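Okay, so here's the structure we're looking at.
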Amino acid sequence: MTGTAPAPFTADDYRARMERAARAAADAGLAGLLVAPGPDLVWLTGYAPTAETERLTLLVLAPGQDPVLVVPALEAPDAAKAAGAPGLTLRDWTDGKDPYAATAALLDATGRFGISDNAWAMHLLALQRALPGTTYASLTDALPMLRAVKDAAELELLAAAGAAADATFEEIRKVPFGGRHESDVAADLADLLRRFGHSQVDFTIVASGPNGANPHHEVGDRVIERGDMVVLDFGGLKDGYGSDTSRTVHVGEPTDEERRVHDLVREAQEAGFRAVRPGVACQEVDRAARAVIADAGYGEYFIHRTGHGIGVTTHEPPYMIEGEEQPLVPGMCFSVEPGVYLPGRFGVRIEDIVTVTEDGGRRLNDTTRDMVIVD
């Protein structure tokens, strides 16, 4: 796949994100945000430490304060090169010094802070010892929608990742399936994702025959047989943004029941997509897809949520699930992926990434949702 490389995010982009996050923290009644290495730090600053380390790295965002990145001195030169570095102050610390005392000086001693879900417990506990009057909430609980609404540049990157996943499917349907191990086809999927621009492959599910009844089947050495339904679910990161798509193919001609179940899942996926529009609660997307399957008598075999958000990670809020009343907002991106799983027999899943527009939804995956026959 060829094309112009996307324009990188600028220091101004990251500065705006940090300002937005600080405002969101204030609106949520928080004294600030503490962001450890991981997807939130990458999204806010463009900085991803080259290696996991026990040394404290923490971005401190608080309303009315300039952003500060507490960073080990030996990693400060790399942090200073991050695209978002011009919008923050680096506060480095050297081995033998107390990084928690340095961090505590930046914080309200009695404040409640949002903290990255993936922050190390040793760091959080040390901060609590340094500031026993502080309390903390995970960012998923405190600000679940922090990264949920994408701007135009992010939408373009997600669309490009979706197009790369589509190109992967168009190629994989041409390869032999029958007589090969699931792991062989999974390796083909990974190679194709990389060929079409992915720098990271997160998953390549190839679930044939009865294995298709397990939504998160781990690829194994089962030999794919003629007559098998095969669930393909694959994705990863391209230029820092995620892809995730599922299609279910059949080796040779399907039975009437297999075709009927596939058609049912396709109808459910369409119903979920058509439910997408601004102001609708996330759970309504789940309800729309689930009703189609339940009305056909297969409700007990749809055993997972209808969708999950996607962005700088392949799974993130919002979630299309019963009980999630968060209203959809233009710019949100998430999967719509109903499925039917018949234990010991076969499964079917069809998945597209969808973004909310001003008056509905737009698919970021465009490959056929009809039954595809493979060799």
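This structure is a prediction, so every number in the text was calculated from the model and none was measured. We're numbering straight along the sequence, starting at 1.
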Please table the atom pairs, donor to acceptor, closer than 3.5 Å between any side-chain atom in residues 58-87 and protein atoms at least two apart or in another chain.
none

Contact summary for [X] and [Y], nearest pair of heavy atoms:
X    : Y    : value
K238 : A160 : CD-O, 3.9 Å
Y319 : E324 : O-CG, 3.4 Å
G347 : M229 : O-CG, 3.6 Å
V292 : A271 : CG2-CB, 3.7 Å
L143 : A24  : CD2-O, 3.6 Å
T313 : P39  : CG2-CB, 3.4 Å

[X], [atom1]: over 12 other non-hydrogen atoms inside 6.0 angstrom:
X    : atom1 : value
E218 : CD    : no
Y136 : OH    : yes
R91  : CZ    : no
R287 : CZ    : yes
D256 : CG    : no

* **Polar side chain donor-acceptor pair, T110 to D108, under 3.5 angstrom** => yes
* Full working for side-chain contact (heavy atoms from CB on, under 4.5 Å) between L192 and R195 -> CA-CA 5 Å; L192 287 165; R195 184 200 303 177; 3.6 Å; yes
Are the side chains of [X] and [Y] in touch, meaning some heavy atoms are under 4.5 Å apart?
X    : Y    : value
C282 : I321 : no
F203 : D244 : yes
H217 : R222 : no
V175 : F177 : yes
Y301 : V261 : no
M320 : R305 : no
P254 : H262 : no
F113 : L127 : no

Could you see if [X] belongs to whatever hydrophobic cluster contains [Y]? Use Ile, Leu, Val, Met, Phe, Trp, Tyr and a side-chain cutoff under 4.5 Å.
X    : Y    : result
V312 : L41  : yes
F234 : L158 : no
L56  : L131 : yes
L33  : M145 : no
V219 : V249 : yes

* **All ring pair (Phe, Tyr, Trp, His ring centres under 6.0 Å) counterparts of H181, not counting sequence neighbours** => none
Between [X] (side chain) and [Y] (backbone), is there a donor-acceptor pair under 3.5 Å?
X    : Y    : value
R247 : V372 : no
H123 : E54  : yes
T134 : R112 : no
S116 : N118 : no
T248 : V230 : no
W43  : L146 : no
D166 : A163 : no
N365 : I353 : yes
D117 : T140 : yes
E351 : D233 : no

* State whether F9 and R17 meet the cation-pi test: NZ (Lys) or CZ (Arg) under 6.0 Å from the six-membered ring centroid, and within 45° of the perpendicular axis. => yes
* To do: Answer yes or no for R129 and Y100: cation-pi contact, defined as NZ/CZ to six-membered ring centre under 6.0 Å and angle to ring axis within 45°.
  => no
Sidechain N-carboxylate O distance under 4.0 Å for [X], [Y]:
X    : Y    : result
R20  : D151 : no
E253 : R259 : yes
D12  : R15  : yes
R362 : D352 : no

* With sequence neighbours excluded, tell me which residues meet salt bridge (Lys or Arg N to Asp or Glu O under 4.0 Å) with E170. => R173
* **Sequence neighbours excluded, every pair satisfying salt bridge (Lys or Arg N to Asp or Glu O under 4.0 Å) that has a member inside residues 35-50** => D40-R147
Let me check something: any side-chain donor-acceptor pairs from residues 333-344 under 3.5 Å, sequence neighbours excluded? List them with distances.
residue : atom : partner : partner atom : Å
S335    : OG   : H308    : N            : 3.0
S335    : OG   : H308    : NE2          : 3.4
S335    : OG   : E337    : OE2          : 2.8
E337    : OE2  : H308    : NE2          : 3.2
Y341    : OH   : H304    : NE2          : 2.6
Y341    : OH   : R349    : NH1          : 2.8

* Structure fact -> From the list I172, L193, V206, T204, side-chain contact (heavy atoms from CB on, under 4.5 Å) with D188 holds only for I172
* Using the salt bridge (charged side-chain N to carboxylate O under 4.0 Å, His left out) rule, take K150 and E156 through it: C-alpha gap first, then chi angles, then the decisive distance, then the call. => CA-CA 10 Å; K150 276 64 179 179; E156 185 176 338; over 6 Å; no
* Asked: Can you list the steps and then say if V35 with M18 is a side-chain contact (heavy atoms from CB on, under 4.5 Å)?
  -> CA-CA 11 Å; V35 185; M18 287 188 279; over 6 Å; no
* Checking side chain to side chain donor-acceptor pair (under 3.5 Å) against S208, which of E225, E182, R180 comes through? -> E182
* To do: Quick one: list whatever passes side-chain hydrogen bond (donor to acceptor under 3.5 Å, both in side chains) with R55, sequence neighbours left out.
  => D95
